[in-house]
Amino acid sequence: MNNYQLMITADDKQVVLERILQVTRYRGFLISGMNAKVNTGTNVGTIELMVRSERPIELLVDQINKLIDIKEVKVDNSASQQCIA
Amino acid sequence: MTTEKKLTGASLLFNVLEQHGVAHVFGYPGGAIMPIYDALYDSDVEHFLCRHEQGAAFSAVGYARASGKVGVCFATSGPGATNLITGLADALADSIPVVAITGQVATAAMGSDAFQEIDIFGLSLACTKHSFQVTDINDLASVLHQAFAIALEGRQGPVLVDIPKDIQITEVNGCLDELVNLQNKVKLPPANVGSAIALLNQAKQPILYVGGGVGMANAIDELRDFAKITGLPSVSTLKGLGAIDPEDKYYLGMLGMHGTKAANIAVQECDLLIAVGARFDDRVTGKLNEFAPNAKVIHFDIDTAEINKRRIVDASILGDLKVNLPALAIPLAIEAWKKVCLQMNEDFAWDYNHPGESIFAPAVLKEISDKMPENSCVTTDVGQHQMWAAQHMVFDDPSNFLTSAGMGTMGFGIPAAVGAQVSRPTDCIIAVSGDGSFMMNVQELSTIKRFQLPVKIVLIDNAKLGMVRQWQDLFFNGRLSETDLADNPDFIMLANAFDIKAQMITKKSEVSAAIEEMLEHDGPYLLQVKIDAQENVWPLVPPNTANDKMMEST
């Protein structure tokens, strides 16, 4: 099981946070933590997402990137780590 | 362009639809969408009343797939909206551009568990490419433009726009914004053409693996040129059928669970697999880690997320197939391999010799395929008849074979045929169905009657849920559970009740005349073809098995 931290920047549109959470769950990643700033009136939402999975993180990054309102998804390698499950 | 003329939100919707060239919509009215249906009264858009919202969604899908245009469907709030969901999920799985408009309770009532209120916006997240809920009338035109742009850009898909009732009746300046032309927001990396060309040149036994993305990209000509110039033997997915020239003698047919023996063996033996608009679906690959085990892979796609999703590739070519296929079209020195493929095509050709007087469904479908007029469009439901149609009918364009591939939705065929017939009124539209699937959206016979659509229905009837029965026989020790449909209605009487001419045949000797009568009939027609309930679809790759370990009989 690997831990990853994603830094997501999005157009601050309707339900963008729900969309990210739905895709994350459906694609086989457990959410272990989150820090989100959305609906701030700045038109930009920022979401830090901590996830766990046995699947490669690229699969999730690609799927989140497909969401219409997403501007950028970065994997924070310094905060991501492999753990012995 | 903003005009001074005041319009209601509902009227503005039709202005935008007409701006996008929408001439036909499929739908069903109800309380929360009544202002839109009132505005329809004054619109030039032609509305096709379906008899269930699922039928409306599938008709929109069939319309889109047969015409290449966006399909549009309407439903009211609550149950109307939830009834659309299966159709939207089907469109998402097969990447079909559909815009669904749902009425919603008034914004003041939202979140109060109002009558016919459901959070369709929330429900839409898993079954649409994108969705909107309009809560400000000033956003309506922009949202609708975006909906059409998103449905069509990149990998196509369904978009839902939920419009509360008060937004539908609020007045706004008539707004005919410029059409939105979305730039592909995902910046694609440069195509890895150099390494792909090297792989092509090194390959001794390459295979072209063609998926539904070719038709969606409108890249049929580019694909056929690519196949011709390279000389590549080819195989097709279910949704890719029709993309390769059916006269191409190196075309080996469909691969996968019910693929041809030649296609599956060739893929298993190939040393290079060139996937074009295909996604390594589990019904294609069988046991994934034994799929094309010796092959390197070049993957052409518009969707970055499909690269390395199920199979790690050696070169990815992202972007428009119309541009990228010609860039890699080089002659290849693979004559020995082409001869092997040609020989397999001969050795493993279909055998239509079938003992006895009972009707052999593959032969019926082949005969229909041989006799149907040029540019006919065939829809199917899901099950044994679907696989027989895929195996034994010949299509010269993917828009002439509409089948629920990714979602595998029973009940797709009849409403999809309605949509196809509306979009192509002069073409012959044939719905191949099974007795299980037919009953799932049988109410759409009423839509056929209402609009006098000359859809031909071929009902392959074994009084069983045939594919499930086949699997129960093969993999569940013959324990037949809930697959017997001996209590089916009288299908001839049922068709006649909708003013549809119908005939039942039970013997081989009746087949040819019945097909001719059906095809020559001016209006809608139902041909019920009784077959032996024990007939199976062959070949069959058992679950979690490599594709070359197929079963060919019991």
Side-chain angles (χ1 to χ4, degrees), chain A residues 1-2 4 6-31 34 36 38-47 49 51-75 77 80 82, chain B residues 89 92 95 110 119-136 139 142-143 146-162 164 180 182-189 279-280 299 301-313 316 318:
Chain A
M1 192 74 92
N2 296 315
Y4 303 101
L6 298 180
M7 309 292 289
I8 303 167
T9 311
D11 286 332
D12 201 358
K13 299 280 182 64
Q14 293 171 314
V15 302
V16 67
L17 191 56
E18 284 178 70
R19 293 185 201 281
I20 292 167
L21 298 180
Q22 188 268 331
V23 165
T24 303
R25 175 187 54 75
Y26 172 62
R27 296 294 173 179
F29 290 78
L30 285 171
I31 297 168
M34 185 175 68
V38 293
N39 299 318
T40 60
T42 64
N43 296 326
V44 177
T46 55
I47 301 105
L49 199 61
V51 297
R52 302 178 68 192
S53 182
E54 293 178 351
R55 298 182 179 184
I57 192 63
E58 292 77 14
L59 294 181
L60 181 60
V61 170
D62 285 344
Q63 295 295 340
I64 292 177
N65 252 324
K66 278 175 67 171
L67 295 173
I68 299 299
D69 298 327
I70 300 300
K71 297 167 81 76
E72 187 177 41
V73 184
K74 283 185 185 171
V75 182
N77 288 317
S80 300
Q82 187 167 24
Chain B
L92 183 67
S95 308
M110 283 165 54
D119 177 19
I120 190 64
F121 191 32
L123 289 172
S124 71
L125 300 186
C127 63
T128 61
K129 181 178 177 185
H130 197 63
S131 50
F132 298 92
Q133 186 170 64
V134 182
T135 52
D136 182 337
D139 294 338
S142 164
V143 161
Q146 287 180 67
F148 277 87
I150 291 168
L152 285 169
E153 66 97 24
R155 182 171 178 174
Q156 301 176 349
V159 180
L160 180 135
V161 182
D162 193 37
V180 176
L182 287 189
Q183 292 184 332
N184 198 332
K185 87 182 180 66
V186 179
K187 300 298 178 207
L188 301 177
R279 59 187 179 88
F280 297 87
H299 193 168
D301 214 289
I302 190 72
D303 183 355
T304 310
E306 289 302 336
I307 306 298
N308 297 327
K309 187 180 88 173
R310 300 232 327 135
R311 172 77 178 238
I312 301 298
V313 306
S316 58
L318 281 162

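Letters A, B, ... mirror the listed sequences (proteins, then strands); counts begin at 1.
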K.L.:
Could you report the tightest heavy-atom contact between A:Gln14 and B:Phe132, atom names first, then the distance?
P.N.:
OE1-CA, 4.0 Å
K.L.:
Measuring from atom CZ of A:Arg19 to atom OG1 of B:Thr128, what distance do you get when rounded to the nearest 0.5 angstrom?
P.N.:
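So the CZ of A:Arg19 and the OG1 of B:Thr128 are separated by 6.5 Å.
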K.L.:
What's the separation between atom CZ in A:Arg55 and atom NZ in B:Lys309, rounded to the nearest 0.5 Å?
P.N.:
10.5 Å
K.L.:
Would A:Glu18 and B:Leu125 count as a side-chain contact (heavy atoms from CB on, under 4.5 Å) here? Give the steps.
P.N.:
CA-CA 8 Å; A:Glu18 284 178 70; B:Leu125 300 186; 3.7 Å; yes
K.L.:
With a 4.5 Å heavy-atom cut-off, do A:Glu58 and B:Ile307 have their side chains touching?
P.N.:
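No. Closest side-chain heavy atoms not under 4.5 Å.
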K.L.:
Supply the atom-to-atom distance A:Asp69 CG to B:His130 NE2, rounded to the nearest 0.5 angstrom.
P.N.:
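Reported to 0.5 Å precision, the distance equals 4.5 Å.
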K.L.:
Answer with side chain, backbone, both or neither: which region of A:Gln22 has an atom nearer than 4.5 Å to a non-hydrogen atom of chain B?
P.N.:
side chain
